[in-house]
A.B. asks: 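Sharing a structure with you now.
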Amino acid sequence: MTDSLESADFIRDIIDQDLKNGVNSGRLQTRFPPEPNGYLHIGHAKSICLNFGVAAEHAGGQCNLRFDDTNPEKEDVEYVDAIQEDVRWLGFDWEERKYFASDYFEPLYHYAEELILKGKAYVCDLSPSAMREYRGTLTEPGRDSPYRDRGVEENLDLFRRMRAGEFPDGARVLRARIDMASPNMNMRDPALYRIRRVEHHRTGHAWVIYPTYDYAHGISDALECVTHSLCTLEFEDHRPLYDWILDQLDLPCRPRQIEFSRLSLEYTVMSKRKLNALVQSGMVAGWDDPRMPTISGLRRRGYTPESIREFCRCIGISKSPNRVELALLENCLRSDLEARSPRTMAVLRPLKVVIESWPEGHEEFLTAPIHPQNEAMGKRTICFTRELFIEQEDFRETAPKQYKRLVTGGEVRLRNAYVIRCREVIQDPVTGEIVELRCEHDPATLNANPVGRKVAGVIHWVSATRSVVGEVRLYAPLFTMPEPDALKGEIVDHVNPDSMEIVSGCRFEPILAEESVALPYQFERLGYFHRDRDSCPGAPVFNRTVGLRDAWSKIEQKL
RNA sequence: UGGGCCGUCGCCAAGCGGUAAGGCCCCGGAUUUUGAUUCCGGCAUCCCCAGGUUCGAAUCCUGGCGGCCCAGCCA
């Protein structure tokens, strides 16, 4: 499928080059480093596919899973469990290499003392607001902290007492001693350690000081012998700091940070802060709400790991700002689902049809392919009876000539069954609503075309007596504007109120009521559907993962 | 107005001095008991703009323009 001969992206080019040049003895080690402060989303999938993917493409290449858990205030075990489930579900395996930045708290601490000993770090007593003032602005240099020239002994003593819990939260920080006049804000003596009396989900109360991302990340990479540390563009400015820290210390390996642009997708948001706000507000049913761009949401919606991986392959890796169209994601989804989904018929909004030419009580069992393009998937049996249901929108009393479905007096093919003709329309005498169609069937049209005339339309149906009732949930994007990130105010206020439509009283082929149903199904002419966990015995609930391409809606719009 | 990065078709994205890949979308048409699938065909004389170098530039140089990121003891 993928042509391995052509260059894939600039990161793979760099890696190939490094490997060829024997950098790090020709080893390839990557890592996927989520912070356990939320659920993974499809943007993370891009990073996961890159990190695990590139490792898998090279003999001996490995990718670690490392939780970047340096900020206990926001982190939780719920997230570490969910993240592991999602990575595994996507099809990747970290084997025994599951690590936590918190595993390195002790060595991290000792490297910090080393920095102090070398005069490269100092304890600063400035308050957060004072530190901000001293930092300067984008256009003006900062000023040295009055604590910048503390002696090594004093720094060491103070830092040890920070660890020992002698000072209140926020009273002091350990800072790198770099350059307060640097045009790069990250180099203006960034904080390395802060005092925070918060229970950590893994180390409990063992620590009252916690390292910052900038300090911990590079060292964690080096300790794991990571060769290529791939991250998103916003860390580009941090790379000089990443390199600075590694340069000061004697570490087992020298990782290289390379940045790529993060994924943006139309009609959704990707920041964990905003996703969290949606969850907390109750606007969505949770992190795994089928409308969410989270891995768990996509999974519940019915996306397959294969389709997400294919999507990540399609979007590529670059440094350009991007906002990918939903159509691309849906294309990857449909092409996977098309190939693997068994076919079935379901009627979402039933309209009763009585076949007057069919004997009362008579049942005929017809066979239909499970997949018209793949005979190997076998056949299924469907039951034809006198009373049927068709889709309300598949009948019109009058219609433009392009309309190929059932009209008054007209004929249509019932999929996998007979051609029928509509003889009479029964309406509710009060409301005028169409409640029933009286039709007749042509017995000669089973598995055969009618003679002397053409029947263009084919519609789906279900037996009124041999079908089960259930619910279907239809989804639309969470936001109606392609770039919700650009919106002002609370993201929660912009949620599309019509992003979920619940349709009850739907009719399914009986197989769909079975609890063993785990596959994605194609409901013919309607789309791909996935059984939701809200299903009850005998009362199935299906999520529409994605609809089929719909040429008719385009034709209709032009009429 | 400091620093970093980016700018190739509506959306992604190859291209690395030799005369614009591919995918998605879109538009035609064929096949079709899913208006689905599949299949054919079309879709950038032009690469943010302007100069320059060169036999030759999207690719090199110069100067503009536009966009994104950075002033957390978040990651």
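A, B, ... follow the sequence lines: proteins, then strands. Residue 1 opens every chain.
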A.B. asks: Under the salt bridge (Lys or Arg N to Asp or Glu O under 4.0 Å) test, which residues partner Asp18(A), sequence neighbours left out?
C.D. replies: Arg256(A)

A.B. asks: To the side chain of Arg343(A), which of rC25(B), rU34(B), rA71(B) is closest?
C.D. replies: rU34(B)

A.B. asks: If you measure from the P atom in rC12(B) to the same atom in rG7(B), how many Å do you get, rounded?
C.D. replies: 12 Å

A.B. asks: How about Tyr122(A) and Tyr147(A): are their ring centres within less than 6.0 Å of each other?
C.D. replies: no

A.B. asks: Is the Lys NZ or Arg CZ of Arg196(A) less than 6.0 Å from the centre of Tyr210(A)'s six-membered ring, within 45° of the axis?
C.D. replies: no

A.B. asks: Looking at rA75(B), does its base get a donor-acceptor pair with the side chain of His238(A) below 3.5 Å?
C.D. replies: yes

A.B. asks: From C-beta outward on Tyr403(A), which listed nucleotide comes closest to its side chain: rG15(B), rA75(B), rG35(B)?
C.D. replies: rG35(B)

A.B. asks: May I have all residue pairs that pass ring-ring contact (aromatic ring centres under 6.0 Å, His included) and include part of residues 168-190 of chain A, sequence neighbours excluded?
C.D. replies: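 Sorted pair list comes back empty.
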
A.B. asks: For RNA chain B, find the residues of residues 175-186 of chain A with a heavy-atom distance under 4.0 Å and give them by number; none if there aren't any.
C.D. replies: Pro183(A), Met185(A)

A.B. asks: C1' atom, rC16(B) versus rC26(B): distance in rounded Å?
C.D. replies: 32 Å

A.B. asks: Please determine whether a side-chain nitrogen or oxygen atom of Arg273(A) lies at a distance below 4.0 Å from atom OP1 or OP2 of rG72(B).
C.D. replies: no

A.B. asks: Which nucleotide in the set rC25(B), rU34(B), rC74(B) lies at the smallest distance from any side-chain heavy atom of Arg194(A)?
C.D. replies: rC74(B)

A.B. asks: Between rU33(B), rA75(B), rC74(B), which nucleotide gets closest to the side-chain atoms of Asp68(A)?
C.D. replies: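 Closest of the options to the side chain of Asp68(A): rA75(B).
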
A.B. asks: Enumerate all atom pairs, one protein N or O and one N or O from nucleotides 6-12 of chain B, separated by less than 3.5 Å.
C.D. replies:
from: rG10(B); atom 1: N2; to: Glu325(A); atom 2: OE1; distance (Å): 2.9
from: rC11(B); atom 1: O4'; to: Glu325(A); atom 2: OE2; distance (Å): 2.9
from: rC11(B); atom 1: O3'; to: Arg323(A); atom 2: O; distance (Å): 3.3
from: rC11(B); atom 1: O2'; to: Arg323(A); atom 2: O; distance (Å): 3.2
from: rC11(B); atom 1: O2'; to: Glu325(A); atom 2: N; distance (Å): 3.4
from: rC12(B); atom 1: OP1; to: Arg323(A); atom 2: N; distance (Å): 3.1
from: rC12(B); atom 1: O2'; to: Ile315(A); atom 2: O; distance (Å): 2.8

A.B. asks: It should be established whether Arg135(A) places a side-chain nitrogen or oxygen under 4.0 Å from OP1 or OP2 of nucleotide rC73(B).
C.D. replies: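 Yes, because at least one side-chain N or O of Arg135(A) sits under 4.0 Å from OP1 or OP2 of rC73(B).
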
A.B. asks: Could you please name the option among rC74(B), rU33(B), rU34(B) that lies closest to any side-chain atom of Arg413(A)?
C.D. replies: rU33(B)

A.B. asks: Return the set of residues passing side chain to side chain contact (heavy atoms under 4.5 Å, CB included) with Val279(A) (not counting sequence neighbours), or none when no residue passes.
C.D. replies: Val284(A), Trp287(A), Met292(A)

A.B. asks: If the condition is side chain to side chain contact (heavy atoms under 4.5 Å, CB included), which residues does Pro321(A) pass it with, not counting sequence neighbours?
C.D. replies: none

A.B. asks: Once salt bridge (Lys or Arg N to Asp or Glu O under 4.0 Å) is applied, what residue pairs with a partner in residues 265-274 of chain A remain, sequence neighbours excluded?
C.D. replies: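 Pairs touching residues 265-274 of chain A that pass the test: Lys274(A)-Asp485(A).
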
A.B. asks: Tell me which residues in residues 370-377 of chain A put a heavy atom below 4.0 Å from RNA chain B, sorted by number, or none.
C.D. replies: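 Under 4.0 Å from RNA chain B: Pro372(A), Gln373(A).
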
A.B. asks: Sequence neighbours excluded, which residues qualify as salt bridge (Lys or Arg N to Asp or Glu O under 4.0 Å) partners of Asp550(A)?
C.D. replies: none

A.B. asks: In terms of side-chain heavy atoms of Ala191(A), which of rG35(B), rC73(B), rC69(B) is nearest?
C.D. replies: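 When the side chain of Ala191(A) is considered, rC73(B) is the closest of rG35(B), rC73(B), rC69(B).
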
A.B. asks: Under 6.0 Å between ring centres, would you say that holds for Phe235(A) and His217(A)?
C.D. replies: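 That pair fails the under 6.0 Å test.
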
A.B. asks: Using a cut-off of strictly less than 4.0 Å between a heavy atom of the residue and any atom of RNA chain B, enumerate the qualifying residues of residues 544-559 of chain A by number.
C.D. replies: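 Those residues are Leu548(A), Arg549(A), Ala551(A), Trp552(A), Lys554(A), Ile555(A), Lys558(A).
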
A.B. asks: Give the table of side-chain donor-acceptor pairs shorter than 3.5 Å for residues 72-79 of chain A, with sequence neighbours excluded, one pair per line with atom names and distance.
C.D. replies:
from: Glu75(A); atom 1: OE2; to: Asn71(A); atom 2: N; distance (Å): 3.0
from: Asp76(A); atom 1: OD1; to: Glu78(A); atom 2: N; distance (Å): 2.8
from: Glu78(A); atom 1: OE2; to: Tyr39(A); atom 2: OH; distance (Å): 2.8

A.B. asks: Among all residues two or more places apart in sequence or in another chain, which pass the side chain to side chain contact (heavy atoms under 4.5 Å, CB included) test with Met185(A)?
C.D. replies: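 Met185(A) satisfies side chain to side chain contact (heavy atoms under 4.5 Å, CB included) with Arg135(A), Leu138(A), Arg188(A) once adjacent residues are dropped.
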
A.B. asks: Using the P atoms only, state how far rA58(B) lies from rU19(B), rounded to an integer number of Å.
C.D. replies: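 Taking atom P in both rU19(B) and rA58(B), they lie 11 Å apart.
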
A.B. asks: Would you say the ring centers of Phe100(A) and Phe67(A) fall short of 6.0 Å from each other?
C.D. replies: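 Ring-ring flag for Phe100(A)/Phe67(A): true, centres closer than 6.0 Å.
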
